[in-house]
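This report refers to the structure that appears directly beneath it.
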Amino acid sequence: MSILFKGRSQGASDTRIGIVQVISAFFISHVRQALGSLGELWRQPAASLMTIAVLGLSITLPGTLYILVKNTEKISAGWDQASEISLFLKEDTPSASAQQLVARLNTWTEIDSVTFIPADDALKEFQHLSGLGDAIAYLESNPLPDVVLVTPDEKHASPTAARLLLEKLKDQREVDIGKLDIEWLERLYALLDIARELVSLIGVLLFVSVVLIIGNTIRLNILSKREEILVMKLVGATDAFIHRPFLYTGFWYGLLGGLIAWFAVIIILWWMDSSIQAFATLYQKEFNITGLSGTALLTMLGLSILLGLLGSLMSVQRHVREIEPQ
């Protein structure tokens, strides 16, 4: 009985050792093929560098445009006056009622901030900005009403939501006239929408071209190793084993191309920074470009690797299958 137990224990131990060896051999094989494909790129530096540069620069353009659009959105987020609603109160509105209106509006979830401008303060500001000076003093009474400036929150700053909020504010009993520069707001958001669509379109076109270029490069590599592939199939190598080095080549193309794109974006933003600062100075503003964040960098590298793998996969699925021993 003890001999039988020992035999079973020995069999289970051998099975575990066998599984560990299989897993170890699997990973060792992948590492060898990955390093081997990297060595192939190193032995052909000119051709490899050209393919990597094409991939990297193709990702650089949409990446740079994406960052510029994001920075534009950040600038426009600070233009509260673009979606600011002006409420002109009725002439007979008491100060207490105006303050009650301000307190009531501050409780609305659609509103980010409310500013009350008394008629006297509005007249002083108009006197200062208009340049009329002492001429204002000859007025018998103040013709300007009290004004409440309402800034919607980010969710209600779009043209449609701002228009709905304006109609709701007009229904308040203290309000005489409500105004919002809808046309300017719509133009602003329309330009941003066009920029986003342009980035997407350019990105898709360049990504497709990258996949085709890498696929053609891998095809040439496959044709150059036709005899080697024939020998491997004759000795019983699986398609997965034959495909793997070419897939790793696509992986290296993608990874190195993504790194080139990252450095290129940094250089472009650094080059443009002085011009942007000079432009911002004209408007007495200070603006710093926000570059690639950690998440954006990982996304760029992941997308680049995906394009490299996709191009190589399309090529090996078609051309390796066509190579068969006669």
Quiz item: Taking NZ, NE, NH1 and NH2 as the nitrogens, is one of them in E84 or K179 under 4.0 Å from a carboxylate oxygen of the other?
Solution: no
Self-check item: Side-chain touch I268/T60, heavy atoms, less than 4.5 angstrom
Solution: yes
Practice problem: Look at the side chain of S312 and the backbone N and O of L309, then say whether any donor-acceptor pair between them is shorter than 3.5 Å. | Solution: yes
Quiz prompt | Distance, nearest 0.5 Å, that separates CG of L206 from CD1 of I202 | solution = 7.0 Å
Practice problem: Tell me whether I59 is reachable from I266 by hopping between hydrophobic residues (I, L, V, M, F, W, Y) whose side-chain heavy atoms are closer than 4.5 Å. | Solution: yes
Exercise. Evaluate the criterion side chain to side chain contact (heavy atoms under 4.5 Å, CB included) for residue pair F116 and V147; output intermediate values, then yes/no.
Key: CA-CA 6 Å; F116 175 64; V147 179; over 6 Å; no
Quiz item: Do E110 and P152 have side-chain heavy atoms sitting under 4.5 Å apart?
Solution: no
Quiz item: Between V211 and L310, which heavy-atom pair has the shortest distance, and what is it?
Solution: CG2-CD2, 4.0 Å
Quiz item: Quick one: does F207's side chain get under 4.5 Å of L303's, heavy atoms only?
Solution: yes
Quiz prompt | Nearest heavy-atom neighbours spanning L180 and A162 | solution = CD2-CB, 3.5 Å
Practice problem: Step by step, work out the side chain to side chain contact (heavy atoms under 4.5 Å, CB included) result for I214 and L55. | Solution: CA-CA 8 Å; I214 292 180; L55 192 154; 2.9 Å; yes
Quiz item: Is there side-chain contact between V114 and L149, with heavy atoms separated by less than 4.5 Å?
Solution: no
Quiz item: Does I213 belong to the same Ile/Leu/Val/Met/Phe/Trp/Tyr cluster as V210, with side-chain heavy atoms less than 4.5 Å apart forming each link?
Solution: no
Quiz item: Does some side-chain heavy atom of Y253 sit less than 4.5 Å from a side-chain heavy atom of T217?
Solution: yes
Quiz prompt | Interatomic spacing from CG in D146 to OG in S95 - rounded to 0.5 Å | solution = 7.0 Å
Quiz item: Which atom pair, heavy atoms only, marks the closest approach of D193 to R196?
Solution: OD1-NH1, 2.6 Å
Practice problem: Drop me the distance from K90's NZ to Q172's CD, to the nearest 0.5 angstrom. | Solution: 10.5 Å
Exercise. State, yes or no, whether a side-chain contact exists between M300 and V265 at a heavy-atom distance under 4.5 Å.
Key: yes
Self-check item: Minimum heavy-atom distance I218-G250, with the two atoms named
Solution: CD1-N, 4.4 Å
Exercise. Mark yes or no for whether K170, through its side chain, and L87, through its backbone, hold a donor-acceptor pair below 3.5 Å.
Key: no
Quiz item: Applying the 4.5 Å side-chain criterion to the ILVMFWY set and letting contacts propagate, would F263 and L61 be lumped into a single cluster?
Solution: yes
Quiz prompt | Polar side-chain atom of T93 near backbone of L89 as donor-acceptor pair, under 3.5 Å | solution = no
Practice problem: Rounded to the nearest 0.5 Å, what's the gap from CZ on F251 to CG on L306? Could you check? | Solution: 12.0 Å
Exercise. Grab the two heavy atoms, one from G257 and one from S304, that are nearest each other, plus how far apart they are.
Key: C-OG, 3.9 Å
Quiz item: If you take all heavy atoms of G215 and S315, which pair is closest and at what distance?
Solution: O-OG, 3.1 Å
Quiz item: Do L301 and L57 share a hydrophobic cluster (ILVMFWY, side-chain heavy atoms under 4.5 Å, transitive)?
Solution: no
Practice problem: Determine whether I52 and W252 make a side-chain contact, defined as any pair of heavy atoms from C-beta on separated by less than 4.5 Å. | Solution: no
Quiz item: Are the side chain of N106 and the backbone of V102 linked by a donor-acceptor contact shorter than 3.5 Å?
Solution: yes
Exercise. State the CG-CG distance between L247 and L313, to the nearest 0.5 angstrom.
Key: 6.0 Å
Quiz item: Do other residues, nucleotides or ligands put more than 12 heavy atoms under 6.0 Å from R104 CZ?
Solution: yes
Self-check item: V175 side chain reached by L169 side chain, heavy atoms, under 4.5 Å
Solution: no
Exercise. Hey, could you give me the CG/OG distance between L105 and S113, rounded to the nearest 0.5 Å?
Key: 11.0 Å
Quiz prompt | Same apolar cluster (I L V M F W Y, side chains within < 4.5 Å links), V54/L255 | solution = no
